[in-house]
2 protein chains.
Amino acid sequence: MSTAQGARARARIEVTAAIKDEARRQLAAQGAARLSLRAVARELGMVSSALYRYFPSRDDLLTALIIDAYDSLGESAEAAHDASAPPFERWISVCEAVRGWALDHPHEYALIYGSPVPGYTAPDTTVPAAARVGLLLIGIARDAHQGPAPGRPAMADDLRPEAERMAADLAPDLPPEVVTALVAAWAQLYGLVGFELFGQFNRVVEDRETFFRHAVGQLARGAGLASGPR
Amino acid sequence: MSTAQGARARARIEVTAAIKDEARRQLAAQGAARLSLRAVARELGMVSSALYRYFPSRDDLLTALIIDAYDSLGESAEAAHDASAPPFERWISVCEAVRGWALDHPHEYALIYGSPVPGYTAPDTTVPAAARVGLLLIGIARDAHQGPAPGRPAMADDLRPEAERMAADLAPDLPPEVVTALVAAWAQLYGLVGFELFGQFNRVVEDRETFFRHAVGQLARGAGLASGPR
DNA sequence: CACAAAAGAGAGCACTGCTCTTGCGCGGGC
DNA sequence: GCCCGCGCAAGAGCAGTGCTCTCTTTTGTG
């Protein structure tokens, strides 16, 4: 073995990466449904059947791209995360990073948060990568609730069991009310981003950046990340 | 002319409807990307090229299905709308109707609110049908703000121009703060529905109905539809 | 009744994902 | 250092797709 696991394995890794790169290029250019194994192979100067040695099916290639997309998004969000800023500002920054990433990578965003490619169900492999943004938001909320808990209204009785279950799963150190609001805010964040990205805001919202910043600010308040008067 | 516009036109309408019905069946069964013109034609006992006399392309068929889906969703939402109930309850009912329709028609929901079918951009034809749910929500908010306006916090200065523009466009009789919150709530509603439908809540939210009712209740409060203590 | 317009049939093109068989060449055990 | 075997690529081929073109049949109407 020359280097770790020999030269053959290295070549394999390189070819695999080249395939993913070219696939990502096509994905960004035309979207997931138009991603064609044959076109990728053609562009790489190989014959289509050779590509199946690296990805047993188109879905497997897509899965690899999905994981990469989750990671890329998670990285952007984490990079936007200045741990020294107050929680409210950090929340806004992370949300804006998510929006920015989505606008920069619309087809990749559609791949992971739009309708799943029909006939395709993401394997559990994607779970850890998918959780990164959520964990980041939870972390911010945790910091915000370090000190004495700000007064929060009571919760409806019928929600309490589910809220406590979610809190136990996601953040046992946070009050169930906060965890509930956090999960809702998480989903709603993607509603805002998706509507903008998929054209639902056309002819409705013009100054989308301002609108977005305001809306995610409200989400933060809903999750108990207090701030000055709106 | 035997009947209005002749029998030929009637036959055309019937065949068009039959094509859409079969297409909708395939859509519901397998999703948009697997919808095949040839399969539809086969099922209908016609040859594929004949189908192009009715829909010039696959995208045109999809557009027809999209409009129908918007209308079906709008109808469900309007049917759930008991005009005599107080606004807050009406809001909840409409939101639950949207969620229910989405769970009943996942692929159609994905078609209209998921990632747009790549390479496809919806023509303006779809706009009126798409607006139905939004108009319904605006109407509810209007009723809620009939009486003396409940106290609402001030709005950030940078949002004011956009808020006033949106209000002028969508509901000149409503305060800009409310219109802004309404638009945000509208987008966030679909974030909640989409996350549940597309599996993002798997292993996170269990009692989704309760969670949803609570979350849209918060949205309503954000839009100034006051109600009892949460 | 005749004729033109509308609809259907069928072949064909270029493309897709995927499989199978064949042959080449390089890596690694001897 | 040699040579074998395995990893890999190549190519043909299958079944399917959207869409176009031409030709024939049907049918409503002047």
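A quick note: this is a predicted structure, and the numbers were derived from the prediction, not measured. Numbered from 1 within each chain, the chains take letters A, B, ... in sequence-line order.
Residue B:E164 qualifies as enclosed at atom CD: its count of foreign heavy atoms under 6.0 Å is above 12.
Partners of B:E78 under the side chain to side chain donor-acceptor pair (under 3.5 Å) rule, at least two apart in sequence or in another chain, are B:R132. Residues passing the side chain to side chain donor-acceptor pair (under 3.5 Å) test with B:D104: none are found, sequence neighbours excluded. Remark: B:E43 pairs with no residue by the salt bridge (Lys or Arg N to Asp or Glu O under 4.0 Å) rule, at least two apart or across chains. Considering only residues two or more places apart in sequence or on other chains, B:Q200 meets the side chain to side chain donor-acceptor pair (under 3.5 Å) condition with A:Y70. The salt bridge (Lys or Arg N to Asp or Glu O under 4.0 Å) search around A:D82 returns none, not counting sequence neighbours. Every residue meeting the side chain to side chain contact (heavy atoms under 4.5 Å, CB included) condition with A:A131, not counting sequence neighbours, appears here in chain and number order: A:L135. The ring-ring contact (aromatic ring centres under 6.0 Å, His included) test applied to B:W91 returns no partner, not counting sequence neighbours. Applying the side chain to side chain donor-acceptor pair (under 3.5 Å) rule to A:S49 yields no partners; only residues at least two apart in sequence or on another chain are considered.
Following rounding to the nearest Å, B:L44 (CG) and C:dG8 (P) show an atom-to-atom distance of 10 Å. Note: OH (A:Y54) to P (C:dG17) measures 18 Å, nearest angstrom. In this entry the distance linking CD of B:E14 with P of C:dA6 reads 19 Å, nearest Å. Taking atom CD1 of B:I13 as the reference point, atom P of C:dA6 lies 15 Å away to the nearest angstrom. In this structure, A:L51 places its CG atom 10 Å from P of C:dC18, rounding to the nearest Å. Rounded to an integer number of Å, the gap from A:D60 CG to C:dG17 C1' is 13 Å. The distance from atom CD of A:E43 to atom C1' of C:dC15 is 16 Å, rounded to the nearest whole Å.
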In a table with atom names and distances, give each donor-acceptor pair under 3.5 Å that connects a side chain of residues 180-198 of chain A to protein atoms at least two apart or in another chain.
unit_1: A:T180; atom_1: OG1; unit_2: A:P176; atom_2: O; d: 2.9
unit_1: A:Y190; atom_1: OH; unit_2: A:Y113; atom_2: OH; d: 3.3
unit_1: A:E196; atom_1: OE1; unit_2: A:R99; atom_2: NE; d: 2.9
unit_1: A:E196; atom_1: OE2; unit_2: A:R99; atom_2: NH2; d: 3.0

message: Walk along nucleotides 12-24 of chain D from 5' to 3' and tag each nucleotide B, S or - by protein heavy-atom contact under 4.0 Å, base first, then sugar-phosphate.
response: -B---BBBBB---
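A donor-acceptor pair is defined here as one N or O able to donate and one able to accept, closer than 3.5 Å; no such pair exists between the side chain of B:T210 and the backbone of A:L159.
Summary for the helix from C:dC1-D:dG30 to C:dC30-D:dG1: the axes at its two ends, each from 5 pairs, differ by 10° when rounded to the nearest 10 degrees.
When heavy atoms are screened at a 4.0 angstrom cut-off, B:F55 is found touching no nucleic acid atom at all.
Of all the residues in residues 19-29 of chain B, not one reaches under 4.0 Å from DNA chain C with any non-hydrogen atom.
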